[in-house]
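A quick write-up on the structure given underneath.
As the structure is a prediction and not an experimental result, all values here were calculated from the model. Computation of the quantities below employed the complete heavy-atom set of this structure, encompassing side-chain atoms and omitting hydrogens, waters and symmetry-equivalent molecules.
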Amino acid sequence: MEKRSLFYPLDQEDLTTLRLQYDWKTGNVFLQASKDWDPDLDWSKYNHDFYVESIKTHNAKFLNDVETRAMFEKYGLTDYLEEFIDLLRQGKHFGIDCFYHKGFDIKYLGNMHNRKRGINNTRHGVMKGGIRRHEKDENELDIIIDGLNLGRAMSFKNIAGELPVGGCKSCVIMDELDLTDMNVCGFLGFCLDEIRCSTGPDMGFPPAMTDVMKENGFSVQYTCGPRGPLGSSGPPTAYGVFISLEQAVRFLNGSEDMTGMSFAVQGLGEVGAAMVGCIAKFVKNPKIYVADINQQRVDEIVAKYKEQGIDISPASTDEILYLDVDVVSPCAMGAVLNEESIPKLNCKIIWGSANNQIKASSVEEECRLAKVIADRGILFQTDWWHNTAGVMFGYEEYKYQKDASLERTYADIKRVLPKNTWENLNKAKELGITPTESAYKTCNDELYGA
(Lines give C-alpha, C1' and ligand atoms only; values in the text may rest on other atoms or scores of the structure.)
Protein backbone atom coordinates (compact mmCIF):
# COMPACT_ATOMS: atom_id res chain seq x y z
CA MET A 1 0.00 0.00 0.00
CA GLU A 2 1.14 3.55 -0.78
CA LYS A 3 2.45 5.01 2.48
CA ARG A 4 1.08 8.51 1.87
CA SER A 5 -2.49 7.50 2.55
CA LEU A 6 -5.08 7.93 5.30
CA PHE A 7 -5.44 4.16 5.22
CA TYR A 8 -1.76 3.29 5.68
CA PRO A 9 -1.82 3.57 9.50
CA LEU A 10 -5.01 1.49 9.58
CA ASP A 11 -3.32 -1.19 7.51
CA GLN A 12 -0.23 -1.22 9.71
CA GLU A 13 -2.16 -1.30 12.99
CA ASP A 14 -4.86 -3.78 11.90
CA LEU A 15 -7.60 -1.17 12.28
CA THR A 16 -10.76 -0.85 10.20
CA THR A 17 -12.12 2.64 10.74
CA LEU A 18 -10.96 6.25 10.80
CA ARG A 19 -13.25 9.18 11.53
CA LEU A 20 -12.34 12.82 10.95
CA GLN A 21 -14.96 15.25 12.25
CA TYR A 22 -15.04 19.03 12.21
CA ASP A 23 -17.35 21.45 14.03
CA TRP A 24 -17.46 24.71 12.08
CA LYS A 25 -19.20 26.51 14.94
CA THR A 26 -16.39 25.89 17.42
CA GLY A 27 -13.48 25.10 15.11
CA ASN A 28 -12.92 21.82 16.97
CA VAL A 29 -11.54 18.80 15.13
CA PHE A 30 -11.99 15.28 16.48
CA LEU A 31 -10.20 12.15 15.28
CA GLN A 32 -11.01 8.55 16.11
CA ALA A 33 -9.55 5.26 14.89
CA SER A 34 -10.78 1.79 15.73
CA LYS A 35 -11.03 -1.89 14.93
CA ASP A 36 -14.74 -2.58 14.53
CA TRP A 37 -14.92 -6.01 12.90
CA ASP A 38 -12.98 -9.24 12.54
CA PRO A 39 -11.19 -9.85 9.23
CA ASP A 40 -13.08 -13.08 8.56
CA LEU A 41 -16.55 -11.63 9.21
CA ASP A 42 -19.04 -12.94 6.63
CA TRP A 43 -20.52 -9.76 5.19
CA SER A 44 -23.01 -11.73 3.10
CA LYS A 45 -24.89 -12.09 6.39
CA TYR A 46 -25.12 -8.31 6.90
CA ASN A 47 -28.64 -7.17 7.82
CA HIS A 48 -29.59 -10.84 8.24
CA ASP A 49 -27.52 -12.25 11.11
CA PHE A 50 -26.01 -8.94 12.24
CA TYR A 51 -26.59 -5.21 11.71
CA VAL A 52 -24.84 -1.85 11.86
CA GLU A 53 -25.16 -1.74 15.64
CA SER A 54 -24.14 -5.38 16.24
CA ILE A 55 -20.91 -6.40 17.94
CA LYS A 56 -18.70 -7.53 15.07
CA THR A 57 -15.55 -8.39 17.01
CA HIS A 58 -14.57 -9.41 20.53
CA ASN A 59 -11.14 -7.90 19.93
CA ALA A 60 -12.17 -4.28 19.46
CA LYS A 61 -9.64 -1.47 19.59
CA PHE A 62 -10.30 2.22 20.10
CA LEU A 63 -7.97 5.19 19.70
CA ASN A 64 -9.09 8.61 20.91
CA ASP A 65 -8.10 11.91 19.32
CA VAL A 66 -4.67 12.14 20.94
CA GLU A 67 -3.85 8.50 20.20
CA THR A 68 -5.01 8.76 16.58
CA ARG A 69 -2.82 11.81 15.98
CA ALA A 70 0.10 9.99 17.57
CA MET A 71 -0.49 7.06 15.21
CA PHE A 72 -0.21 9.33 12.16
CA GLU A 73 2.91 10.94 13.64
CA LYS A 74 4.40 7.47 14.14
CA TYR A 75 4.20 6.85 10.39
CA GLY A 76 5.36 10.32 9.38
CA LEU A 77 1.92 11.31 8.09
CA THR A 78 1.03 14.25 10.34
CA ASP A 79 1.43 16.77 7.53
CA TYR A 80 -0.69 14.62 5.22
CA LEU A 81 -3.42 14.34 7.85
CA GLU A 82 -3.38 18.11 8.32
CA GLU A 83 -4.04 18.60 4.60
CA PHE A 84 -7.37 16.84 4.99
CA ILE A 85 -8.24 18.62 8.21
CA ASP A 86 -7.60 21.91 6.42
CA LEU A 87 -9.92 20.83 3.59
CA LEU A 88 -12.66 20.16 6.16
CA ARG A 89 -12.17 23.63 7.60
CA GLN A 90 -12.19 25.36 4.23
CA GLY A 91 -15.47 23.78 3.15
CA LYS A 92 -17.11 23.58 6.58
CA HIS A 93 -17.48 19.84 6.07
CA PHE A 94 -18.91 17.66 8.84
CA GLY A 95 -16.20 15.09 8.26
CA ILE A 96 -14.93 11.98 6.52
CA ASP A 97 -15.59 8.41 7.66
CA CYS A 98 -13.03 5.95 6.29
CA PHE A 99 -13.68 2.20 6.27
CA TYR A 100 -10.88 -0.19 5.32
CA HIS A 101 -11.30 -3.86 4.52
CA LYS A 102 -7.84 -5.32 4.20
CA GLY A 103 -8.96 -8.67 2.76
CA PHE A 104 -11.10 -7.08 0.04
CA ASP A 105 -8.59 -4.24 -0.44
CA ILE A 106 -11.45 -1.75 -0.31
CA LYS A 107 -11.05 1.82 0.93
CA TYR A 108 -14.40 3.49 1.51
CA LEU A 109 -14.58 7.26 2.01
CA GLY A 110 -17.83 8.79 3.24
CA ASN A 111 -17.41 12.52 2.54
CA MET A 112 -20.07 14.15 4.72
CA HIS A 113 -20.70 17.83 4.19
CA ASN A 114 -23.73 18.89 6.22
CA ARG A 115 -26.58 17.18 8.06
CA LYS A 116 -28.72 20.17 9.01
CA ARG A 117 -31.55 19.60 6.53
CA GLY A 118 -31.71 15.91 7.40
CA ILE A 119 -31.96 16.13 11.17
CA ASN A 120 -35.41 15.10 12.42
CA ASN A 121 -36.63 14.09 8.95
CA THR A 122 -38.03 10.89 10.57
CA ARG A 123 -35.89 8.65 8.33
CA HIS A 124 -32.60 6.79 8.71
CA GLY A 125 -30.94 8.71 5.86
CA VAL A 126 -30.04 12.18 7.09
CA MET A 127 -27.88 12.78 4.00
CA LYS A 128 -28.15 11.94 0.33
CA GLY A 129 -25.48 11.72 -2.36
CA GLY A 130 -24.08 9.36 -4.95
CA ILE A 131 -21.52 6.58 -4.60
CA ARG A 132 -18.71 6.32 -7.14
CA ARG A 133 -15.79 3.95 -7.65
CA HIS A 134 -12.15 4.96 -8.15
CA GLU A 135 -9.28 2.89 -9.45
CA LYS A 136 -6.51 1.93 -7.04
CA ASP A 137 -3.85 3.86 -8.94
CA GLU A 138 -5.69 7.18 -8.65
CA ASN A 139 -4.27 9.87 -6.37
CA GLU A 140 -5.96 9.70 -2.96
CA LEU A 141 -5.77 13.44 -2.34
CA ASP A 142 -7.47 14.16 -5.67
CA ILE A 143 -10.16 11.58 -4.89
CA ILE A 144 -10.94 13.16 -1.54
CA ILE A 145 -10.92 16.73 -2.85
CA ASP A 146 -13.38 15.68 -5.54
CA GLY A 147 -15.48 13.75 -3.04
CA LEU A 148 -15.64 16.66 -0.60
CA ASN A 149 -16.59 19.07 -3.39
CA LEU A 150 -19.32 16.69 -4.56
CA GLY A 151 -20.56 16.19 -1.01
CA ARG A 152 -20.84 19.96 -0.57
CA ALA A 153 -22.64 20.21 -3.91
CA MET A 154 -25.10 17.58 -2.68
CA SER A 155 -25.95 19.70 0.37
CA PHE A 156 -26.74 22.56 -1.98
CA LYS A 157 -28.53 20.34 -4.51
CA ASN A 158 -30.82 19.11 -1.79
CA ILE A 159 -31.64 22.69 -0.86
CA ALA A 160 -32.29 23.49 -4.52
CA GLY A 161 -34.50 20.39 -4.79
CA GLU A 162 -36.30 21.28 -1.53
CA LEU A 163 -35.40 17.90 0.00
CA PRO A 164 -35.13 17.25 3.77
CA VAL A 165 -31.63 15.76 3.64
CA GLY A 166 -28.06 16.96 3.94
CA GLY A 167 -25.23 16.27 1.50
CA CYS A 168 -22.71 13.44 1.27
CA LYS A 169 -20.62 11.68 -1.39
CA SER A 170 -19.18 8.18 -1.07
CA CYS A 171 -15.95 7.42 -2.92
CA VAL A 172 -14.76 3.82 -2.96
CA ILE A 173 -11.26 2.82 -4.02
CA MET A 174 -11.54 -0.75 -5.24
CA ASP A 175 -11.48 -3.07 -8.24
CA GLU A 176 -14.55 -3.34 -10.44
CA LEU A 177 -17.52 -4.59 -8.41
CA ASP A 178 -18.57 -8.20 -8.93
CA LEU A 179 -22.33 -8.17 -8.35
CA THR A 180 -22.29 -11.89 -7.56
CA ASP A 181 -19.88 -11.39 -4.63
CA MET A 182 -22.32 -11.12 -1.74
CA ASN A 183 -19.49 -10.65 0.74
CA VAL A 184 -18.31 -7.43 -0.90
CA CYS A 185 -21.86 -6.21 -1.61
CA GLY A 186 -22.81 -6.73 2.03
CA PHE A 187 -19.77 -4.77 3.15
CA LEU A 188 -20.63 -1.83 0.88
CA GLY A 189 -24.19 -1.93 2.21
CA PHE A 190 -22.86 -1.71 5.75
CA CYS A 191 -20.59 1.26 4.97
CA LEU A 192 -23.46 3.26 3.53
CA ASP A 193 -25.78 2.43 6.41
CA GLU A 194 -23.05 3.39 8.88
CA ILE A 195 -22.83 6.97 7.60
CA ARG A 196 -26.65 7.28 7.41
CA CYS A 197 -26.73 8.25 3.77
CA SER A 198 -29.06 7.37 0.90
CA THR A 199 -27.37 6.94 -2.46
CA GLY A 200 -27.57 5.98 -6.10
CA PRO A 201 -24.72 4.39 -8.10
CA ASP A 202 -22.53 6.97 -9.79
CA MET A 203 -19.46 6.67 -12.03
CA GLY A 204 -17.71 3.32 -11.76
CA PHE A 205 -20.62 1.41 -10.25
CA PRO A 206 -23.36 -0.26 -12.31
CA PRO A 207 -26.99 0.82 -11.72
CA ALA A 208 -27.79 -2.86 -11.05
CA MET A 209 -25.83 -2.47 -7.82
CA THR A 210 -29.01 -0.99 -6.31
CA ASP A 211 -31.10 -4.02 -7.25
CA VAL A 212 -28.54 -6.38 -5.70
CA MET A 213 -28.43 -4.36 -2.48
CA LYS A 214 -32.21 -4.30 -2.10
CA GLU A 215 -33.08 -7.78 -3.33
CA ASN A 216 -30.48 -9.37 -1.04
CA GLY A 217 -31.56 -7.30 1.95
CA PHE A 218 -28.23 -5.49 2.37
CA SER A 219 -29.55 -1.92 2.36
CA VAL A 220 -32.71 -0.05 1.40
CA GLN A 221 -30.67 3.16 1.23
CA TYR A 222 -29.70 2.46 -2.41
CA THR A 223 -31.94 3.86 -5.17
CA CYS A 224 -32.27 4.13 -8.96
CA GLY A 225 -31.77 0.49 -9.96
CA PRO A 226 -32.97 -0.87 -13.33
CA ARG A 227 -35.62 -2.98 -11.60
CA GLY A 228 -36.70 -0.17 -9.29
CA PRO A 229 -40.19 1.36 -9.32
CA LEU A 230 -39.12 4.45 -11.28
CA GLY A 231 -36.56 3.14 -13.76
CA SER A 232 -33.54 5.16 -14.88
CA SER A 233 -32.83 8.60 -13.41
CA GLY A 234 -31.27 9.85 -16.67
CA PRO A 235 -34.45 11.14 -18.38
CA PRO A 236 -35.84 13.08 -15.38
CA THR A 237 -32.38 14.53 -14.70
CA ALA A 238 -32.12 15.83 -18.26
CA TYR A 239 -35.71 17.06 -18.18
CA GLY A 240 -34.98 19.09 -15.04
CA VAL A 241 -31.94 20.67 -16.66
CA PHE A 242 -33.95 21.46 -19.78
CA ILE A 243 -36.93 23.13 -18.09
CA SER A 244 -34.58 25.23 -15.99
CA LEU A 245 -32.77 26.17 -19.21
CA GLU A 246 -36.09 27.53 -20.47
CA GLN A 247 -36.01 29.99 -17.57
CA ALA A 248 -32.45 31.00 -18.42
CA VAL A 249 -33.57 31.72 -22.00
CA ARG A 250 -36.55 33.65 -20.67
CA PHE A 251 -34.25 35.68 -18.41
CA LEU A 252 -31.94 36.48 -21.32
CA ASN A 253 -34.45 36.94 -24.14
CA GLY A 254 -37.73 37.74 -22.43
CA SER A 255 -39.34 34.51 -23.66
CA GLU A 256 -38.92 30.76 -23.11
CA ASP A 257 -39.23 30.18 -26.85
CA MET A 258 -36.07 28.49 -28.18
CA THR A 259 -37.16 28.15 -31.80
CA GLY A 260 -34.17 27.90 -34.12
CA MET A 261 -31.59 28.03 -31.34
CA SER A 262 -28.34 26.07 -31.55
CA PHE A 263 -27.00 23.67 -28.92
CA ALA A 264 -23.70 21.90 -28.28
CA VAL A 265 -24.09 18.87 -26.03
CA GLN A 266 -20.87 17.48 -24.58
CA GLY A 267 -21.25 13.86 -23.46
CA LEU A 268 -23.84 11.34 -24.60
CA GLY A 269 -24.18 9.15 -21.55
CA GLU A 270 -27.55 8.48 -20.00
CA VAL A 271 -28.22 12.13 -19.13
CA GLY A 272 -26.51 13.71 -22.14
CA ALA A 273 -28.45 11.53 -24.57
CA ALA A 274 -31.68 12.39 -22.76
CA MET A 275 -30.76 16.08 -22.97
CA VAL A 276 -30.50 15.75 -26.74
CA GLY A 277 -33.89 14.07 -26.64
CA CYS A 278 -35.44 16.99 -24.73
CA ILE A 279 -34.05 19.50 -27.22
CA ALA A 280 -35.30 17.45 -30.15
CA LYS A 281 -38.75 17.06 -28.59
CA PHE A 282 -39.44 20.49 -27.15
CA VAL A 283 -37.48 22.94 -29.36
CA LYS A 284 -38.78 23.87 -32.80
CA ASN A 285 -36.15 23.67 -35.57
CA PRO A 286 -33.09 23.31 -33.33
CA LYS A 287 -29.53 22.92 -34.54
CA ILE A 288 -27.72 20.36 -32.37
CA TYR A 289 -24.03 19.44 -32.20
CA VAL A 290 -22.95 16.42 -30.16
CA ALA A 291 -19.66 14.95 -29.01
CA ASP A 292 -18.57 12.01 -26.89
CA ILE A 293 -15.38 10.01 -26.41
CA ASN A 294 -17.36 7.00 -27.68
CA GLN A 295 -17.65 7.59 -31.42
CA GLN A 296 -20.10 4.73 -31.83
CA ARG A 297 -22.41 6.44 -29.38
CA VAL A 298 -22.15 9.68 -31.38
CA ASP A 299 -22.98 7.86 -34.62
CA GLU A 300 -26.01 6.19 -33.03
CA ILE A 301 -27.42 9.45 -31.63
CA VAL A 302 -26.85 11.38 -34.85
CA ALA A 303 -28.48 8.64 -36.94
CA LYS A 304 -31.45 8.38 -34.55
CA TYR A 305 -32.37 12.05 -34.71
CA LYS A 306 -31.55 12.57 -38.35
CA GLU A 307 -34.23 9.97 -39.05
CA GLN A 308 -36.63 12.23 -37.16
CA GLY A 309 -35.69 15.20 -39.31
CA ILE A 310 -33.59 16.93 -36.65
CA ASP A 311 -30.63 19.08 -37.78
CA ILE A 312 -27.90 17.31 -35.80
CA SER A 313 -24.18 16.99 -36.48
CA PRO A 314 -21.19 15.36 -34.77
CA ALA A 315 -18.38 17.49 -33.39
CA SER A 316 -15.01 16.58 -32.00
CA THR A 317 -14.50 16.40 -28.25
CA ASP A 318 -11.81 19.07 -28.63
CA GLU A 319 -14.09 21.64 -30.25
CA ILE A 320 -17.56 20.99 -28.80
CA LEU A 321 -17.25 23.53 -25.96
CA TYR A 322 -16.02 26.27 -28.29
CA LEU A 323 -18.60 26.15 -31.07
CA ASP A 324 -20.44 29.35 -31.98
CA VAL A 325 -23.84 28.33 -30.57
CA ASP A 326 -26.54 29.69 -28.31
CA VAL A 327 -26.19 27.03 -25.61
CA VAL A 328 -23.29 24.84 -24.55
CA SER A 329 -24.49 21.92 -22.42
CA PRO A 330 -21.70 20.04 -20.58
CA CYS A 331 -23.09 16.60 -19.71
CA ALA A 332 -19.90 14.59 -19.19
CA MET A 333 -17.02 15.04 -16.76
CA GLY A 334 -16.73 18.18 -14.66
CA ALA A 335 -13.91 20.74 -14.43
CA VAL A 336 -14.26 21.73 -18.11
CA LEU A 337 -14.47 25.47 -17.37
CA ASN A 338 -11.10 26.84 -16.35
CA GLU A 339 -8.61 29.60 -17.05
CA GLU A 340 -7.70 28.07 -20.41
CA SER A 341 -11.15 27.13 -21.70
CA ILE A 342 -13.24 30.13 -20.65
CA PRO A 343 -11.56 32.64 -23.01
CA LYS A 344 -12.31 30.33 -25.97
CA LEU A 345 -16.07 30.06 -25.36
CA ASN A 346 -18.42 31.37 -28.08
CA CYS A 347 -21.85 30.73 -26.60
CA LYS A 348 -24.54 32.81 -24.89
CA ILE A 349 -25.52 30.30 -22.21
CA ILE A 350 -23.74 27.41 -20.46
CA TRP A 351 -26.31 25.00 -19.05
CA GLY A 352 -25.69 21.30 -18.50
CA SER A 353 -25.76 18.38 -16.10
CA ALA A 354 -22.05 17.73 -15.51
CA ASN A 355 -21.04 18.00 -11.86
CA ASN A 356 -18.57 20.72 -10.82
CA GLN A 357 -18.28 22.25 -14.30
CA ILE A 358 -15.92 24.93 -13.07
CA LYS A 359 -12.51 23.59 -12.12
CA ALA A 360 -12.00 24.88 -8.58
CA SER A 361 -10.87 23.59 -5.20
CA SER A 362 -12.87 26.15 -3.21
CA VAL A 363 -16.11 28.11 -3.39
CA GLU A 364 -14.11 31.33 -3.67
CA GLU A 365 -12.28 30.05 -6.74
CA GLU A 366 -15.51 28.83 -8.31
CA CYS A 367 -17.19 32.20 -7.78
CA ARG A 368 -14.16 34.02 -9.21
CA LEU A 369 -14.25 31.96 -12.40
CA ALA A 370 -18.03 32.35 -12.62
CA LYS A 371 -17.41 36.10 -12.65
CA VAL A 372 -14.90 35.64 -15.49
CA ILE A 373 -17.61 33.78 -17.43
CA ALA A 374 -20.15 36.53 -16.69
CA ASP A 375 -17.71 39.21 -17.80
CA ARG A 376 -17.61 37.48 -21.19
CA GLY A 377 -21.36 38.06 -21.49
CA ILE A 378 -22.25 34.38 -20.95
CA LEU A 379 -25.13 33.36 -18.69
CA PHE A 380 -24.04 30.60 -16.33
CA GLN A 381 -25.42 29.17 -13.11
CA THR A 382 -23.56 26.63 -10.99
CA ASP A 383 -24.79 23.21 -12.08
CA TRP A 384 -26.03 21.98 -8.72
CA TRP A 385 -28.75 24.63 -8.57
CA HIS A 386 -30.58 23.21 -11.61
CA ASN A 387 -29.14 19.68 -11.90
CA THR A 388 -31.25 18.40 -9.02
CA ALA A 389 -33.94 16.29 -10.69
CA GLY A 390 -31.82 13.15 -10.33
CA VAL A 391 -31.56 13.48 -6.57
CA MET A 392 -35.28 14.34 -6.37
CA PHE A 393 -35.91 11.16 -8.35
CA GLY A 394 -33.77 9.13 -5.95
CA TYR A 395 -35.40 10.63 -2.89
CA GLU A 396 -38.86 9.76 -4.21
CA GLU A 397 -37.80 6.10 -4.37
CA TYR A 398 -36.06 6.23 -1.00
CA LYS A 399 -39.15 7.78 0.64
CA TYR A 400 -41.87 5.66 -0.96
CA GLN A 401 -39.91 2.53 -2.00
CA LYS A 402 -42.16 0.29 -4.16
CA ASP A 403 -44.93 2.92 -4.06
CA ALA A 404 -42.75 5.60 -5.65
CA SER A 405 -44.54 7.49 -8.41
CA LEU A 406 -43.01 8.73 -11.67
CA GLU A 407 -45.94 11.09 -12.14
CA ARG A 408 -45.40 12.62 -8.69
CA THR A 409 -41.66 12.93 -9.34
CA TYR A 410 -42.10 14.82 -12.60
CA ALA A 411 -44.71 17.05 -10.96
CA ASP A 412 -42.20 17.94 -8.23
CA ILE A 413 -39.49 18.61 -10.82
CA LYS A 414 -41.79 20.94 -12.77
CA ARG A 415 -42.87 22.66 -9.57
CA VAL A 416 -39.42 23.24 -8.10
CA LEU A 417 -36.70 23.68 -10.73
CA PRO A 418 -38.09 26.41 -13.02
CA LYS A 419 -39.23 28.44 -10.00
CA ASN A 420 -35.91 28.25 -8.19
CA THR A 421 -33.88 29.00 -11.31
CA TRP A 422 -35.99 32.05 -12.14
CA GLU A 423 -35.75 33.33 -8.57
CA ASN A 424 -31.99 32.80 -8.45
CA LEU A 425 -31.27 34.58 -11.73
CA ASN A 426 -33.34 37.58 -10.68
CA LYS A 427 -31.88 37.63 -7.18
CA ALA A 428 -28.38 37.69 -8.68
CA LYS A 429 -29.33 40.58 -10.95
CA GLU A 430 -30.82 42.50 -8.03
CA LEU A 431 -27.72 41.99 -5.87
CA GLY A 432 -25.29 42.67 -8.70
CA ILE A 433 -23.58 39.28 -8.37
CA THR A 434 -23.33 36.17 -10.54
CA PRO A 435 -26.04 33.48 -10.39
CA THR A 436 -23.41 31.12 -9.00
CA GLU A 437 -22.58 33.43 -6.12
CA SER A 438 -26.29 34.00 -5.52
CA ALA A 439 -26.97 30.26 -5.28
CA TYR A 440 -24.14 29.85 -2.77
CA LYS A 441 -25.43 32.79 -0.75
CA THR A 442 -28.89 31.23 -0.53
CA CYS A 443 -27.48 27.91 0.68
CA ASN A 444 -24.92 29.35 3.05
CA ASP A 445 -27.56 31.58 4.65
CA GLU A 446 -29.66 28.48 5.33
CA LEU A 447 -26.85 26.17 6.49
CA TYR A 448 -24.71 28.60 8.46
CA GLY A 449 -27.02 31.51 9.30
CA ALA A 450 -28.37 32.14 12.76
Side-chain angles (χ1 to χ4, degrees), residues 157 160-161 235-267 271-291 305 310-313 315 320-331 336-337 342 345-354 357-358 370-371 373-390 392 410 413-439 442:
K157 271 190 180 186
T237 299
Y239 180 71
V241 173
F242 179 82
I243 62 175
S244 64
L245 171 60
E246 289 180 321
Q247 299 308 303
V249 172
R250 173 188 171 199
F251 180 81
L252 204 61
N253 299 336
S255 168
E256 297 176 15
D257 185 14
M258 290 189 261
T259 298
M261 286 179 57
S262 52
F263 304 81
V265 180
Q266 180 198 42
V271 180
M275 185 67 178
V276 175
C278 286
I279 296 168
K281 180 177 180 179
F282 298 115
V283 178
K284 187 176 180 180
N285 299 325
K287 171 59 184 176
I288 309 174
Y289 299 91
V290 295
Y305 290 103
I310 302 297
D311 185 358
I312 184 170
S313 302
I320 188 71
L321 290 177
Y322 312 120
L323 295 177
D324 186 1
V325 294
D326 294 299
V327 180
V328 164
S329 185
C331 296
V336 295
L337 302 175
I342 292 172
L345 297 168
N346 290 296
C347 58
K348 298 174 184 175
I349 302 173
I350 301 172
W351 212 269
S353 64
Q357 293 169 28
I358 289 180
K371 179 66 164 56
I373 294 172
D375 289 344
R376 294 219 48 224
I378 299 171
L379 182 61
F380 171 80
Q381 173 180 267
T382 185
D383 58 272
W384 50 259
W385 191 252
H386 56 258
N387 182 24
T388 60
M392 294 171 71
Y410 272 93
I413 291 169
K414 286 189 280 188
R415 174 181 59 83
V416 171
L417 295 189
K419 169 180 66 73
N420 285 352
T421 289
W422 181 250
E423 290 176 356
N424 185 59
L425 294 177
N426 283 280
K427 178 182 176 181
K429 181 179 180 180
E430 179 183 342
L431 295 176
I433 58 180
T434 67
T436 295
E437 189 175 353
S438 174
T442 296

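Remark: the backbone N or O of Tyr322 is paired with a side-chain donor or acceptor of Asn346 at under 3.5 angstrom. The main-chain N or O of Ser353 is found under 3.5 Å from a side-chain atom of Asn387 such that the two form a donor-acceptor pair. Panel note: side chain His386, backbone Phe242; no donor-acceptor pair is recorded below 3.5 Å.
Taken from CG in Asp383 to CD1 in Ile350, the straight-line distance is 11.5 Å, to the nearest 0.5 Å. Between atom OG1 of residue Thr421 and atom CD of residue Gln381 there is a gap of 4.5 Å, rounded to the nearest 0.5 Å. Rounding to the nearest 0.5 Å places CD1 of Ile349 at 5.0 Å from CE of Met261. Considering CG of Asn285 and CD1 of Ile310, their distance stands at 8.0 Å, rounded to 0.5 Å. Remark: Leu321 CG to Gln266 CD distance equals 4.0 Å, nearest 0.5 Å. If you take CG on Leu417 and OG1 on Thr388, they are separated by 3.5 Å, rounding to the nearest 0.5 Å.
Between Ala315 and Leu323 the shortest heavy-atom distance is CB-CD1, 4.1 Å. The minimum heavy-atom distance linking Trp384 with Ala160 is given by the pair O-CB, 3.9 Å. Nearest approach of Thr434 to Lys371, heavy atoms of both residues: CG2-CA, 3.8 Å. Residues Ile378 and Cys347 come closest through the heavy atom pair CG1-O, 3.3 Å. Taking all atoms of both residues into account, the shortest heavy-atom contact from Lys287 to Ser313 is NZ-OG, 2.6 Å. Closest of all the heavy-atom pairs between Glu256 and Glu246 is CG-O, 3.7 Å.
Between Cys331 and Val276 the shortest side-chain heavy-atom distance does not fall below 4.5 Å. For the pair Tyr305 and Val290, the minimum side-chain heavy-atom distance is 4.5 Å or more.
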**Report entry** Residue pair Ser244, Trp351: steps toward the side-chain contact (heavy atoms from CB on, under 4.5 Å) verdict
**Finding:** CA-CA 9 Å; Ser244 64; Trp351 212 269; 2.9 Å; yes

Requested in this report: Quick one: do Ile279 and Val265 satisfy side-chain contact (heavy atoms from CB on, under 4.5 Å)? Show the steps, please.
Outcome: CA-CA 10 Å; Ile279 296 168; Val265 180; 4.0 Å; yes

Query raised in the report: After noting the C-alpha distance and the side-chain angles of Thr442 and Asn420, does the key distance pass the side-chain contact (heavy atoms from CB on, under 4.5 Å) rule?
Result: CA-CA 11 Å; Thr442 296; Asn420 285 352; over 6 Å; no

Requested in this report: Dump the intermediate steps for side-chain contact (heavy atoms from CB on, under 4.5 Å) on Val241 and Val271, then the final yes or no.
Outcome: CA-CA 10 Å; Val241 173; Val271 180; 5.6 Å; no

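Defined by atom type and a distance below 3.5 Å, a donor-acceptor pair is present between the side-chain atoms of Ser438 and Asn424.
Taking the six-membered ring where the residue is Trp, Phe282 and Tyr239 present tilted rings, their angle falling between 30° and 60°.
Met275 pairs with exactly one of Leu245, Ile288, Thr237 by the side-chain contact (heavy atoms from CB on, under 4.5 Å) rule, that one being Leu245.
For residues 414-425, every residue pair satisfying the salt bridge (charged side-chain N to carboxylate O under 4.0 Å, His left out) rule, not counting sequence neighbours, is listed here: Glu162-Arg415, Glu162-Lys419, Asp412-Arg415.
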